[in-house]
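Notes follow the structure.
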Amino acid sequence: KVVDIAEFYKSFFTNYFQQKFPGKVKSVSIISNNWHLGGTKQYSGYRPPEYTEGAKLSQHRLGSAFDCEIKINYSDGKVEEVDYKEIHKVIRENEELFLSKGVTTIENLADASGWLHTDTRWIPNQTKILFVNA
């Protein structure tokens, strides 16, 4: 599910920012684990048992969560990270769509102000996305 959600984020937010900045946005990148490309992020998705940081019962350890940075790729080559307050606002405004794509939980901005934490924990009879603290 998390890979499908990341693909949905890429499509949705590319469209969103292309509409917000007509003719200026080429695409949006969703960056999670990039260590294999020389980046610094290795445990933004699945966290194996030997990984000692974070909660022992984290959704990451179940393979049902990921943290990502969202970057706007402009047509002129400029790259800019999004404002996560805006991302949270857009998710809240489109909550039914995001729920339908499998997003059940987002981490609050107070704990995740420089990335977007998403998970797919099962919540019975869910009608709203759960916003949680770390």
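No donor-acceptor distance shorter than 3.5 angstrom exists from the side chain of Glu69 to the backbone of Ile30, with no hydrogens or angles considered. A donor-acceptor pair under 3.5 Å links the side-chain atoms of Asn94 to the main chain of Val90, judged by distance alone. The main-chain N or O of Lys71 is never found under 3.5 Å from a side-chain atom of Glu80 such that the two would form a donor-acceptor pair. A donor-acceptor pair is defined here as one N or O able to donate and one able to accept, closer than 3.5 Å; such a pair exists between the side chain of His60 and the backbone of Gly45. Using modelled atom types, no side-chain atom of Gln18 and backbone atom of Gly23 make a donor-acceptor pair closer than 3.5 Å.
With a 6.0 Å radius and a threshold of 12 heavy atoms from other residues, nucleotides or ligands, Lys10 has its NZ atom above the threshold. Heavy atoms from other residues, nucleotides or ligands lying under 6.0 Å from CD of Glu93 number more than 12. Leu37 CG: more than 12 foreign heavy atoms inside a 6.0 Å radius.
Ionic pairing of Asp119 and Lys1 is not present here: no N-O contact between side-chain nitrogen and carboxylate oxygen is shorter than 4.0 angstrom. Using a 4.0 Å cut-off between a side-chain N of Lys or Arg and a carboxylate O of Asp or Glu, Glu86 and Lys20 qualify as a salt bridge. A salt bridge does not link Glu53 with Arg47: every distance from a Lys NZ or Arg NE/NH1/NH2 to an Asp or Glu carboxylate oxygen is 4.0 Å or more.
Residues Asp4 and Lys101 have side chains not in contact (no heavy-atom distance under 4.5 Å, counting atoms from C-beta outward). In this structure the side chain of Ile106 reaches within 4.5 angstrom of the side chain of Leu116, judged on heavy atoms.
There is a side-chain donor-acceptor pair under 3.5 Å between Thr105 and Arg121. At a cut-off of 3.5 Å, with distance as the only test, a side-chain donor of Ser27 or Asn73 sits close to an acceptor on the other residue.
Ring orientation note: the planes of Phe13 and Phe98 are tilted relative to one another, at an angle of 30° to 60°.
Remark: Asn108 CG to Tyr84 OH distance equals 16.0 Å, nearest 0.5 Å.
Residues meeting the side chain to side chain contact (heavy atoms under 4.5 Å, CB included) test with Val2, sequence neighbours left out: Phe66, Thr120.
Closest approach of Arg61 and Tyr46 over heavy atoms only: O-CE1, 3.3 Å.
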